[in-house]
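Report on the following structure.
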Amino acid sequence: MGATGAAELFVVSETSKLRVYVNVPQNYVPSVPPGTKATISVPEHPGKTYGGTVEYSAQAVDPTTGTTLMQLIVDQQPG
């Protein structure tokens, strides 16, 4: 049961690493191949950074935004 007494919809079992999806402008895509290291920060945790690695590229440009979707695997341990 969840905190409200309702049945839980799901349980997150692996929280040490997360997938983060980033839209990369097409001009930068050739410079960001899989394996590229990245540092991520989020407004909810000011001053903390998280290390990640590009794992996957959609290998297609979205014609509406001019970006390519990239998947990063991010270690949640603060860097």
Side-chain angles (χ1 to χ4, degrees):
M1 294 297 239
T4 62
E8 295 175 352
L9 295 176
F10 60 89
V11 175
V12 177
S13 60
E14 175 61 60
T15 60
S16 64
K17 295 189 185 287
L18 298 176
R19 290 183 192 156
V20 175
Y21 294 92
V22 179
N23 287 311
V24 177
Q26 65 183 348
N27 293 349
Y28 295 106
V29 170
S31 303
V32 189
T36 300
K37 301 293 181 190
T39 302
I40 301 208
S41 61
V42 293
E44 293 80 8
H45 299 282
K48 292 184 180 178
T49 59
Y50 301 87
T53 304
V54 175
E55 184 162 288
Y56 174 78
S57 167
Q59 298 184 354
V61 175
D62 180 328
T64 305
T65 63
T67 62
T68 295
L69 186 65
M70 300 271 186
Q71 176 183 294
L72 288 74
I73 300 299
V74 176
D75 184 353
Q76 282 211 101
Q77 302 305 315

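The figures here come from the full heavy-atom set of this structure, side chains too, leaving out hydrogens, waters and symmetry mates. All figures in this text were calculated on a predicted structure; none of them were measured in a lab. If you read the sequence from its start, that first residue is 1, and numbering goes on from there.
A pairwise comparison of heavy atoms in T68 and A60 identifies OG1-O, 3.2 Å as the closest pair.
Grouping the Ile, Leu, Val, Met, Phe, Trp and Tyr side chains by contacts below 4.5 angstrom, directly or via other members, places Y50 apart from I73. Following chains of ILVMFWY side-chain contacts shorter than 4.5 Å, one can reach M70 starting from V42, so the two form part of one hydrophobic cluster.
Residue pairs meeting the side-chain hydrogen bond (donor to acceptor under 3.5 Å, both in side chains) criterion with at least one member in residues 32-44, sequence neighbours excluded: K37-T53.
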For residues 19-35, which side-chain donor-acceptor pairs fall under 3.5 Å, sequence neighbours excluded?
unit_1 : atom_1 : unit_2 : atom_2 : d
Y21    : OH     : Q71    : OE1    : 2.9

